[in-house]
Amino acid sequence: MSGTHGTETTAGPVEGHVPPEATSATGEAGDNSAGMAAVTRVARATLSPNGVIDDPTELRTYECDGLAHYRVTPALVALPETTEQLAAVVRACSEHRVPFVARGSGTGLSGGALPRADGVLIVTSRMRTIREIRREDQRAVVDPGVINLDVTRAATPEGYYYAPDPSSQQICSIGGNLAENSGGAHCLKYGFTSNHVLGAELVTPQGDIVQLGGLAPDAPGYDLLGTVVGSEGTLGIATTTTVRLVRLPEEVRTLLAGFRSTDEAGAATSAIISAGVLPAAIEMMDALAIEAAEAAVHCNYPAGAGAVLVIELDGASAEVEHEYAQVERFCTENGAFELRLATDPAERALIWKGRKSAFAAVGRISPDYIVQDGVIPRTALPEVLRAIAALSSSSGVRVANVFHAGDGNLHPLVLFDDARPGAGRAAEEVSGAILDLCISHGGAITGEHGVGVDKAAYMPKMFTDDDLDTMQMVRCAFDPDNISNPGKVFPTPRLCGEVPGKRKHAHPLVEAGLADAF
Amino acid sequence: MTTAARTRLDSARTALSSACSEVVDATPADAVDGVPVGLVARPASTAEAAEVLRAAAVFGLVVVPRGRGTKTSWGRPPEQADLVVDLSRMSAVVEHAAGDLIVKTEAGALLADVQAAVGSAGQRLSLDEVVPGSSIGGTLATNTSGPGRVAVGTARDLLLGVTVVRADGVVAKAGGRVVKNVAGYDLGKLVIGSFGTLVIVTEAVFRLHPVPAARRVVSVSAGSPDDVQRLVQLVVHAQVVPAAVEVEWSGTGGGTVGVLLEGTAAGVEGRAAATIALLGGDAHATDELPAGWGRLPWADEPVAGRPTALKATFALSALSRVLAAGQAAAGAAGVQLHLRGSGGAGVLYGALPAGTDVAAVREVVGRLREACALAGGALVVLDGSPEVKAGMDTWGPVPAIDLMRRVKEQFDPERRLAPGRFVGGI
Ligand SMILES: Cc1cc2nc3c(=O)[nH]c(=O)nc-3n(C[C@H](O)[C@H](O)[C@H](O)COP(=O)(O)OP(=O)(O)OC[C@H]3O[C@@H](n4cnc5c(N)ncnc54)[C@H](O)[C@@H]3O)c2cc1C
C-alpha cells in the first residue's frame, strides 16, 4: 500500500468521505439498535472477551480497507477463532436482520470490506491455521485468515507452492483472495484463484455451515463453489478452504527487456503469445512507472526505456531453454534495446522488486493517485495505451501504467494532488474514461480488484438489467434477506420475494415413490 | 399422453411456431431417456430460443434442452418432457480472435467443428471430446472432461462468458470475452454440469491454448492398485509437467499408466526420457496415443444394450483404494468392472456390461461410493438401464443440496427445465 505517500483510491468521487451513491452500502440509516444489541450479546457469549470490539476508538481501526478513501465505522467488530463461533455470529445477524461484512486482511482495492454503520464486521484474522499440507493429494487445507504467502511457505519444503500471487501476497488472506477471485503476475499461465480453490466450507447468510467441493474434483450438483469464488462476500463467509498446490518448476528464467515505447513492448507481447509460447508472467511498466520504481527501490531498469517487460518462463528445463530463445528473439525483433536475464535469485528478486513495488513507488512521485483495474483484449493493448496517453495529455493528468500485459489487465495509476482544487475531480474523470475505453474495446471493468462499493455504479455499463437481475437470483438463493455485505457489487439490490426456507413438503421424487428405493 | 395434455400441446404449437421457424412433432427417437416428447423446436438464434421459452412458459410446457443428443440419457429421466429445445441449428463458430486466444461459439456447435476452426490458427479448445459428436452446450451441461484436465483443468477453467435463456424466456449473459474478469457473479460456473435444469445456454466464450508442437506418451504397466498409485505419484511429484496421467484398469486386474507429455520437440524428447527413467519397469514412449485413450470405458462395450456408466472422484492419494474397492466389489458380485480415467486428477470412469444384475450393480456402486466418500469424493451413476436407474440413488448424497434447491427455485420456480434429471430430484 502507499503508506504515508498517498491515498490509494480507484474511480470514486474524491470529495467527502462517503459518496452519495454508496449510502446503500454503508447503512447510515441504521435503526435496528435492538437487533444490534442482541447480536452483540450473542457475540459476547460466544467469542473470547477480546474478540468483540465495540469501543469507538478501536472500531475506527477497521473503518476502511485498501481503498482508504471510503470510510465507515462499523457498529461492532467480531473476531471469531473457529467456524462455529463465526457461524454463531452470522446466525444471530440473520435472526435479527443485522447486516454483516466479512474482512480478511483489509487489503481489498474496491471497498469490498467497507463496514456498515449498522452492521457487524466479521474479521478472520484469528483464523490463521494451516490445517494440512497434503503433498500426496497436491492440496492444502487452510483457514480463511491464512496469509496467501504462508501457504507457499508451508508447501515449499514439500516442493510445492500456491500459484495465485497477488502483489499483496505477504498480507492478504486466502478468504479475501477467494472472495475477490484474486489474480497475480503468474495468472497468465496458472490461472486465478477460482482455478485453485477446490473446496470451501461456507457459512451461509443464515449461519448454516455447508461444504462446497473438497479434496476431490467435480462434486456432483451445481458448482456453488465456483459461484461463491469472486462473489465478494455477498453469498456468505468462506471458512476452511481447500486449495491446489502446484509443483515447483524445475527451472525459472526471468528476463527484463527494455523498449523505446509501449507500442514496441506491446508488439513483443503479442508476438510471444501468438507464437504459442505461454510464459508464467508478462508484466509491463511504462516510462512514468519505471521512473517511480527507480526512485523508490533503485531496481536499475534500463536507462531511457519507454517501457519494460518482465517476462518469466518456468517449467521443465528442456522446454524453458527453447522458449527462452524464442522470447529473446521476439523482444529483439520488436525493438528491445536491452535484454537482461537474471542469473541468480538476487537478480531475479531485483527485477521483480521494481514491478511489485510500483504502486507504492508511484506514491513518491505523486501525493495521491487512483489505481484503475480494467481489462481489454490483449490485441487492443497498443491502441488503448495510445488512447490513454491521449487522454492524459489532453487533460494534463499524468497516468503511469503498470500491468499484466499477457492477459490485458491494465492498472493505470492516475496521479493527482488532492490539495489542488479540482485535481481530484479531473483525475476521476480520466479514470472513468479509461474504464469506458476498456468497455468499448470489449473488455471488463475489473480484472482482479473486484467491484465492491467502488464500481457498483459501473456495472450497468457492462451488463443489462436482465443480466444483473439474473445475477441477483443467485444472491436471492443464498441471501434472501440481503444481509451479507449488502450494497456491494450491484447498483440496485433486488427484492427477493418469498424467502425460500427448508422444503415443507416431501420432494416430488419422494412423493412419486421413486426415492424410497434410496 | 392424456387428452388434456394433447390439447395443451396443440395450442402451444401455434405459439411456438410463430416464435420459431422449425417446430415439429417429436418422434420416438426424440424420447429423453425413455420419456416421450411432444414437440421439438429448433431455434436458429438466441432470440428465437428466448421466444420459444417464453411461449413454453405461457403454456406451462416442461422443456428439455438438447445439443446433439449424445448424452440425453445421462442423469435421471426427466419427470416429463413436453418440448425438446434442440440447438443443432445454432452451430456457428461466431468469432475466433486468434490473437486474443478466445473463441465464441453457439451452443449447438460441434466441439469438433470448433476445434477445426481454431485449429487452423494452431490453437485448440482444451476440452477433450470424450463423447464423439458432442456439442458445446452438451459438453457444458454434463461437464465432460478427458485426460487433458491434468494440465488445463475442465470447462470451469476455460469458459469465459455465457449467454443463457432463462425458463421465463429472459436472455442474460455473464462474464465476457476477456481472459480476466471479476465483474459480477460467474454464472458460467453454475451452468457447467447443471444438466439443463437451470437455463439454456445459447452462446459461450472460451479461452484457447496453442497446439503444442510435439507430444509423446510414456506407458508403463502396473500389476496392482498400489503399483498404479506408486507410478502416478512418481509422475505427479516429478517436474516433467505431464499434460495427462491416465490410468487403465481392466476388469481382470492389472493395468497401465499413461503419461502424456506435450511441448516443443526437443523438450518433449527430454521429458519423455526422464519419465521413462522415473517409472522404470516396461516404460516406453510412443508418438501415437494408446488405443482407447480418453474414451469413456462404456463406449468400449457392444453398441446394443445399456452398460452402466460410473464416474468416481477422489483425492489423488486414494487412487489405489478406489481401484481396490472396485476390484473387490466386482469380484464379490461376480461382474466385470472396467475402470479408466485421470489418475492425475482423481477421476475414474467405470463400465459395467449391459445386462449386469441390478443387485450386483448396487453392490459395486455402494462399495465404490464408500471408498470415494472416504477420499472426499463421490460416485455418480451417469447412465444405465431403466432398471439400474430405478434401483438406486444414482447421484448419491450431495452436500449443500438445500442451497442447490434454492438456486433452482430462483431460476426455475415452476420446475419446467428438465425436472427430476439432476441431483436430489432437481
Ligand atoms: C499493494 C496491493 C497490491 C495488490 N495487488 C493485487 C494483485 O496483484 N492482484 C489482485 O488480485 N489483488 C491485488 N490487491 C487487492 C487485494 O490484496 C486482494 O483483493 C486480496 O484478495 C484481498 O484480500 P484481503 O484478505 O485483504 O481481503 P479484504 O480486503 O479483507 O476483503 C476483500 C473482500 O473479500 C470479502 N471477504 C474477506 N474474507 C472473506 C471470507 N472469508 N469469505 C467471504 N468473503 C470474504 C470481504 O467482504 C471483501 O468484500 C492488492 C492490494 C494492495 C493493497
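Just so you know, these numbers use all the heavy atoms, side chains as well, and skip hydrogens, waters and symmetry mates. Chain letters run A, B, ... following the sequence lines, proteins first, then strands; residues in each count from 1.
Proximity to chain B involves both the backbone and the side chain of A:Pro377, based on heavy atoms less than 4.5 angstrom apart. In this structure, chain B has a heavy atom under 4.5 Å from the side chain of A:Gln206, while its backbone stays farther away. Only the side chain of A:Glu232 comes within less than 4.5 Å of a heavy atom in chain B; its backbone stays farther off. Heavy atoms closer than 4.5 Å to chain B are found nowhere in A:Ser270, neither backbone nor side chain. Looking at A:Tyr222, both its backbone and its side chain come within 4.5 Å of chain B, counting heavy atoms on both sides. At a 4.5 Å heavy-atom cutoff, the contact between B:Leu190 and chain A is made by backbone and side-chain atoms alike. The part of B:Gln229 that comes within reach of chain A is its side chain, from C-beta onward, which places non-hydrogen atoms under 4.5 angstrom from that chain. With a 4.5 Å cut-off on non-hydrogen atoms, B:Thr197 touches chain A through its backbone and its side chain both. Looking at B:Ala121, there are no atoms closer than 4.5 Å to chain A (heavy atoms on both sides), in backbone or side chain. Heavy atoms of B:Val199 lying under 4.5 Å from chain A are absent altogether. Both the backbone and the side chain of B:Val407 have a heavy atom closer than 4.5 Å to some heavy atom of chain A. With a 4.5 Å cut-off on non-hydrogen atoms, B:Val423 touches chain A through its side chain but not through its backbone. Residue A:Tyr190 does not touch chain B at all, counting heavy-atom pairs closer than 4.5 Å.
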CA sep, side-chain torsions, deciding dist, call: A:Thr470, B:Phe411, side chain to side chain contact (heavy atoms under 4.5 Å, CB included): CA-CA 8 Å; A:Thr470 307; B:Phe411 279 83; 3.6 Å; yes
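B:Glu262 has a carboxylate O that lies under 4.0 Å from a charged side-chain N of B:Arg124, or vice versa, which qualifies the two as a salt bridge. Salt bridge present: A:Asp469 and B:Arg166 bring a charged side-chain N and a carboxylate O closer than 4.0 Å.
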